Amino acid sequence: MTAKYIFVTGGVVSSLGKGIASSSIGKILEARGFKVSLVKCDPYINVDPGTMNPFQHGEVYVTDDGAETDLDLGHYERFTNAKLGKNNNITTGKVYFSVITRERRGDYLGKTVQVVPHITDEIKNSIKRVSSAGSPDIIIVEIGGTVGDIESLPFLEAIRQLKQEMGSESAINIHVTLVPYIRSAEEIKTKPTQHSVGKLREIGIQPEILLCRCEKPIDQDVKQKIALFCNVREGAVIEALDVKSIYEVPLMFAKDGLDDLILDYFKLDSKKGELKEWRQKVVEIIKNPKHSCRIAVVGKYIMLQDAYKSIYEALIHGGIANDARVEIVKVDSEDVSAHNVRNLMSGIDGILVPGGFGYRGIEGKINAIEFARKEKVPYFGICLGMQTAVIEFARNACGLKRANSTEFNSKTPYPVISLLEEQKKVKIKGASMRLGAYPAKIVANTRAHQAYKKDLIWERHRHRYEFNKKYKNLMEKKGMRISGISPNGMLAEIVELKDHPWFVAVQFHPEFKSKPDRSHPLFREFIRASLRKK
Ligand code: GLN
């Protein structure tokens, strides 16, 4: 069968959770036996988000094939079995880059190159390219931004044309919109949704289904009104109430029959849905966990919701695997000093230092790590969190007082973290880190091996610096061992402490591969150790 397309747009305001909605649609269709893939279209002119800071963009999510992508791809992979890569995130930057490269080559000789048809054709081809990988039955295409934005227009025009070309029975438009409750009037308002759908219709798109985000349930007469004014069937006005956990959303959609609506539209037959496991092994545990623990995440972007998205989710997954609620305590690394660290960490069962770039906040992270090491508090270091653990150990356990990473001090006498050999010649900043999945050998009888129960693993990377092998012998003598190493023996991928209940730090990003129903083994074991400490 040729793939069917679901186009997801958003209206009224941003942050309506289109990414979670798209992922949840993927989940309920997988439960009905279909193979899905997902694409995110981002209207910004950066080629990828890899060069943006977390204030601009939140987390940069990394795929197996080394693409730096929008964090919605993280939701897609957590909710579904889709395997995503560089083709699953289309940006205006990528689209123009490819069109302009072809223009310079002379592919359009004699022609004026224009938004319509050249840019829109390139968008359509990029969307179609997704169907060639793994032959999905259904492809969900999420258009970033809000309807009415100038920069998303070419994407909307492209999906309009696609539906026209494929025939309307092959593509469905779902519009995620806001139905606000106005407290002073004690009323639910439909006007923003009417306007938003009106805006879509102006450019030739008529949504078939509306997902109405709301904090209060929407009465039938309000649904009727929305249906009438927006020209959709009454049954296609779906109420998407606020929920406590994002993992409840697929259950809510299935309860409202969203899967049936979509499959009826496509005239696809299928078995009945099965979300039993998801309900029992994910949502029930989140709602009624037996245990609980408090984990401090020490980072410099803790004031942003989205900067450590996958880390926060992976901690929740580690909790689910241990029947526990994980309370995440966000600690600003710039606030952690040698004097207040004990105070800040009181009542904390485990400490995690996530990835990052630049010197700001580094000394606070090192103070937190020293505390975790000496007080035997479970510690999990990720990427920069491994590099800072190595610096701390070099300074405070090996007597190399001014040890540092050359990222922070190029003249340090003890460069325990230094630039990867392959990075020394790199001049261009975009997509030039060590990116994507690489293998590592796991040493027997280590914490890492206890977690993975495997001798060879594949994990995703995003870094330029690495552990400097020159210091390996000294560090090992003092009790820090390398428990994961690249197959050629050159790169330390995991380090851990011998005399500590659980102190594991990794050069890669395990958070990108964790799922609510399949916690990453390191997150599972970190939470287990934290519960034990408690
Ligand atoms: N800044 C460090 C490096 O480039 C760590 C990167 C990270 O934490 N993702 O190696």
Side-chain angles (χ1 to χ4, degrees), residues 48-64 66-69 71 74 297-302 304 306-312 314 333-334 351-366 368-369 379-392 394 403-410 412 415-438 440 459-469 471 484 486 490-495 504-514 520 522:
D48 62 44
T51 53
M52 286 186 236
N53 79 24
F55 283 111
Q56 297 291 313
H57 190 270
E59 169 184 278
V60 174
Y61 186 77
V62 180
T63 52
D64 272 341
E68 294 172 284
T69 71
L71 57 79
V297 173
V298 184
K300 67 175 169 180
Y301 292 113
I302 43 104
L304 301 174
D306 284 347
Y308 306 117
K309 192 81 208 161
S310 295
I311 299 259
Y312 295 152
S333 48
E334 283 193 287
I351 298 175
L352 184 150
V353 173
F357 297 83
Y359 182 62
R360 187 167 65 82
I362 290 296
E363 298 302 330
K365 291 179 182 174
I366 290 174
I369 295 167
Y379 175 74
F380 193 7
I382 290 178
C383 208
L384 183 64
M386 163 179 159
Q387 299 175 355
T388 40
V390 169
I391 297 169
E392 190 282 321
N404 217 329
S405 161
T406 54
E407 180 179 1
F408 314 129
N409 176 3
S410 56
T412 168
V416 290
I417 303 292
S418 58
L419 213 51
L420 284 159
E421 221 28 67
E422 71 211 41
Q423 284 290 329
K424 290 187 177 153
K425 46 187 188 299
V426 170
K427 292 264 172 339
I428 287 176
K429 288 277 184 271
S432 61
M433 285 187 242
R434 180 173 182 240
L435 286 168
Y438 287 92
E459 292 283 5
R460 298 180 193 172
H461 294 68
R462 182 173 185 249
H463 64 116
R464 295 188 200 281
Y465 295 82
E466 62 157 335
F467 178 85
N468 184 344
K469 284 188 308 294
Y471 296 92
S486 62
M490 298 301 277
L491 304 175
E493 301 284 27
I494 312 178
V495 300
V504 177
V506 298
Q507 186 56 78
F508 46 81
H509 290 273
E511 71 273 23
F512 294 147
K513 286 177 65 168
S514 189
H520 189 285
L522 291 175

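Just so you know, these numbers come straight off a predicted model, no measurement behind them. Counting starts at 1 for both ligands and their atoms, in listed order.
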_Below 30° counts as parallel, above 60° as perpendicular, anything between as tilted: where do the rings of Tyr308 and Tyr301 land?_
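The arrangement is tilted - the two ring planes meet at 30° to 60°.
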Using 30° and 60° as the class boundaries, would you call the ring planes of Phe408 and Tyr359 parallel, tilted or perpendicular? tilted
The answer, listing residues by chain and number that come under 4.0 Å of ligand 1 through any heavy atom, is Gly355, Gly356, Phe357, Cys383, Leu384, Gln387, Glu407, Arg462, His463, Arg464, Tyr465, His509
* Asked: Could you go step by step and tell me if Lys309 and Tyr61 meet the side chain to side chain contact (heavy atoms under 4.5 Å, CB included) rule?
  -> CA-CA 9 Å; Lys309 192 81 208 161; Tyr61 186 77; over 6 Å; no
Review point. Quick one: are the ring centres of Tyr438 and Phe508 less than 6.0 Å apart?
Key: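 Ring centroids of Tyr438 and Phe508 are no less than 6.0 Å from each other.
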*Using the test side-chain hydrogen bond (donor to acceptor under 3.5 Å, both in side chains), find all partners of Ser333 that sit at least two apart in sequence or belong to another chain.*
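Counting only residues at least two positions away or on another chain, Ser333 forms no side-chain hydrogen bond (donor to acceptor under 3.5 Å, both in side chains).
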What's the shortest heavy-atom distance between Ala368 and Val298, and which atoms?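 Residues Ala368 and Val298, closest heavy atoms: CB-CG2, 4.2 Å.
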